[in-house]
Amino acid sequence: MNRMLYMFAVSVVLLLSAPLCAQDVRVSAEIDSTRFLIGEWIHVDLHVDAPEPVTLLLPAADEDVDQGEFISAGEASVTTLNGRNEYRQRVIVTVFDTGQIDLRLRVQYRLPGDTTLYSVFTSPI
């Protein structure tokens, strides 16, 4: 009986941890300055590294910009290497606030066979 309980517990842990391994989506962002005027366009270079089967939704609206407003996004370039895709995209945002702003961009994605929409944010810029 104890062995069956142990096997059940191990199975549950493995099943629950499988999606965590597949969610290896990493994002980063860079800007060329840290000082901007209110309303000035901020050109953000977004980098996304994701496993090949992941479907990405790159920033495309105000909801994808934390503490800022979305202006536009350029075409994303994709490089594939060793089963991973590296996306690079120029995103233009703006901020209408003063002081130090911790601007972050959100990338959403779906895993194959999963209808859940996951989100990952860049570190504050």
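Bear in mind that the values here come from a model prediction, so they are computed numbers and not experimental data.
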Asks: My understanding is that only residues two or more places apart in sequence, or in another chain, count here; which of them pass side-chain hydrogen bond (donor to acceptor under 3.5 Å, both in side chains) with Thr80?
Replies: Asn85

Asks: Side-chain atoms of residues 65-73: list all donor-acceptor pairs with protein atoms under 3.5 Å, sequence neighbours left out, distances to 0.1 Å.
Replies:
| unit_1 | atom_1 | unit_2 | atom_2 | d |
| --- | --- | --- | --- | --- |
| Asp66 | OD2 | Arg104 | NE | 3.2 |
| Asp66 | OD2 | Arg104 | NH2 | 3.4 |
| Gln67 | OE1 | Asp102 | N | 3.4 |

Asks: Test of understanding: with salt bridge (charged side-chain N to carboxylate O under 4.0 Å, His left out), list the residues that count as partners of Asp49, not counting sequence neighbours.
Replies: Arg26, Arg84

Asks: Under the rule for salt bridge (charged side-chain N to carboxylate O under 4.0 Å, His left out), what residues qualify as partners of Glu52, not counting sequence neighbours?
Replies: none

Asks: Let me confirm one number: the CZ-CG distance from Phe121 to Leu105, rounded to the nearest 0.5 Å.
Replies: 9.5 Å

Asks: Working to the nearest 0.5 Å, report the span between CG of Leu57 and CG of Leu117.
Replies: 6.0 Å

Asks: Is Ile125 close to Val44 at the side-chain level, that is, under 4.5 Å between some pair of heavy atoms?
Replies: yes

Asks: Quick one: does His43's side chain get under 4.5 Å of Arg90's, heavy atoms only?
Replies: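 They are in contact (side-chain heavy atoms under 4.5 Å apart), so the answer is yes.
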
Asks: In chain order, what residues pass the side-chain hydrogen bond (donor to acceptor under 3.5 Å, both in side chains) check against Thr116, with sequence neighbours excluded?
Replies: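 If we apply the side-chain hydrogen bond (donor to acceptor under 3.5 Å, both in side chains) test to Thr116, skipping adjacent residues, the hits are Asp114.
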
Asks: Any side-chain heavy atom of Pro124 within less than 4.5 Å of one from Leu103?
Replies: no

Asks: State, with a plain yes or no, whether a side-chain heavy atom of Pro59 is found less than 4.5 Å away from one of Leu46.
Replies: yes

Asks: Is Glu86 close to Val78 at the side-chain level, that is, under 4.5 Å between some pair of heavy atoms?
Replies: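 Answer no - side chains too far apart.
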
Asks: For a quick test of your reading: what N or O donor-acceptor pairs under 3.5 Å do the side chains of residues 27-42 make, sequence neighbours left out?
Replies:
| unit_1 | atom_1 | unit_2 | atom_2 | d |
| --- | --- | --- | --- | --- |
| Ser33 | OG | Arg35 | N | 3.1 |
| Ser33 | OG | Arg35 | O | 3.3 |
| Glu40 | OE1 | Leu37 | N | 2.8 |

Asks: For the atom pair CD (Gln89) and CG (Asp45), what is the distance rounded to the nearest 0.5 Å?
Replies: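 Nearest 0.5 Å value for the CD-CG distance: 10.0 Å.
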
Asks: Take Thr55 and Tyr109 through the test side chain to side chain contact (heavy atoms under 4.5 Å, CB included) and record every step on the way to the result.
Replies: CA-CA 5 Å; Thr55 302; Tyr109 63 95; over 6 Å; no

